[in-house]
J.: 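Starting off with a structure, shown below.
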Amino acid sequence: MNEIGLTHLLVLSTSLFFIGVYGFLTRRNLIVMLMSVELLLNSVNINFLAFNKFLFPGKMEGVFFSIFIITIAAAEAAVAIAIIINLYRRHRSIDVEDAEVMKD
């Protein structure tokens with residue numbers, strides 16, 4: 001009765017995905033947009049792990065895909081934060097509207 005099932009994980013994953021989409025589309029702060037992308041990637045990770053656990057319990061493909069996504073997300077975050085820091089130094093703002101021109 002108290003066991004976490006596939007439906008619970010899918011509801012959690014779907015909720016995280018739509019929170020991430022909402023945050024990415026409605027916010028203008030680059031840091032918040034980056035965090036929203038991370039929520040999207042984490043929702044995909046939960047899906048991979050949930051389906052791996054419940055549909056293919058003896059295999060590790062879902063775990064490997066999740067580790068790959070975590071690695072890519074870390075690299076993406078490092079590059080994005082570097083870009084955001086450079087934009088802040090140049091424009092003194094991390095608002096998307098102020099970052100229309102990348103070259104001055």
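Basis for what follows: all heavy atoms, side chains included, without hydrogens, waters or symmetry-related copies.
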J.: Heavy atoms only: give me the nearest S43-L16 pair and the separation to one decimal.
T.: CB-CB, 3.9 Å
J.: If you take all heavy atoms of S66 and N45, which pair is closest and at what distance?
T.: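 Nearest heavy atoms, S66 then N45: CA-OD1, 3.4 Å.
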J.: For the hydrophobic clusters of this structure (ILVMFWY residues joined by side-chain heavy atoms under 4.5 Å, transitively), does one cluster hold both F65 and V44?
T.: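 Same cluster: F65 reaches V44 through Ile, Leu, Val, Met, Phe, Trp or Tyr contacts under 4.5 Å.
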J.: How long is the span from the CG atom in N52 to the CD atom in E61, to the nearest 0.5 Å?
T.: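 Interatomic distance, N52 CG to E61 CD, rounded to 0.5 Å: 7.0 Å.
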J.: Around F54, counting heavy atoms of other residues, nucleotides and ligands shown, do more than 12 lie under 6.0 Å from its CZ?
T.: yes
J.: How far does CD1 of I85 sit from CZ of R90, to the nearest 0.5 angstrom?
T.: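 I85 atom CD1 to R90 atom CZ measures 14.5 Å (nearest 0.5 Å).
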J.: Kindly indicate whether the side chain of E76, heavy atoms from C-beta on, has any atom under 4.5 Å from the side chain of E38.
T.: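 Side chain of E76 against side chain of E38, heavy atoms only: contact under 4.5 Å found.
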J.: To the closest 0.5 Å, what do you measure between OG (S15) and CG (L10)?
T.: 10.5 Å
J.: Applying the 4.5 Å side-chain criterion to the ILVMFWY set and letting contacts propagate, would V79 and I94 be lumped into a single cluster?
T.: yes
J.: Side chains of F48 and V63, heavy atoms from C-beta outward: is any pair under 4.5 Å?
T.: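 No, their side chains stay 4.5 Å or more apart.
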J.: State, to 0.1 Å, how close A73 and L41 come at their nearest heavy-atom pair, and which atoms those are.
T.: CB-CD1, 3.6 Å
J.: On a heavy-atom basis, which atom in V32 and which in R27 lie closest, and how many Å separate them?
T.: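 Closest approach of V32 to R27: CG1-CG, 3.4 Å.
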J.: For the residue pair L30 and L34, establish whether any side-chain heavy-atom pair is separated by less than 4.5 Å.
T.: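 Result no, sub-4.5 Å side-chain heavy-atom pair not found.
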J.: Hey, is CD1 on I4 packed in by over 12 heavy atoms from elsewhere, all under 6.0 Å?
T.: no
J.: Could you tell me the separation between the OG1 atom of T14 and the CG atom of N47, rounded to the nearest 0.5 Å?
T.: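 T14 atom OG1 to N47 atom CG measures 6.5 Å (nearest 0.5 Å).
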J.: Applying a strict under-4.5 Å side-chain criterion to I, L, V, M, F, W and Y, I'd like to know whether V96 and V21 cluster together.
T.: yes
J.: Taking all non-hydrogen atoms of both residues, which atom of I46 and which atom of L9 are closest, and how far apart?
T.: CG2-O, 3.8 Å
J.: Taking a hydrophobic cluster as the set of Ile, Leu, Val, Met, Phe, Trp and Tyr residues connected by side-chain heavy atoms closer than 4.5 Å, whether directly or through intermediates, do I83 and F24 fall within one such cluster?
T.: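 Yes, same cluster.
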J.: Can you check whether M33 reaches V37 side chain to side chain, under 4.5 Å on heavy atoms?
T.: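 A side-chain contact under 4.5 Å is absent here.
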J.: If you group Ile, Leu, Val, Met, Phe, Trp and Tyr by side-chain heavy-atom gaps below 4.5 Å, do I19 and M35 land in one group?
T.: no
J.: Do F17 and L40 have side chains that get closer than 4.5 Å, going by heavy atoms?
T.: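 The answer is yes; the side chains approach within 4.5 Å.
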J.: So do D95 and N29 actually touch side chain to side chain, heavy atoms under 4.5 Å?
T.: no
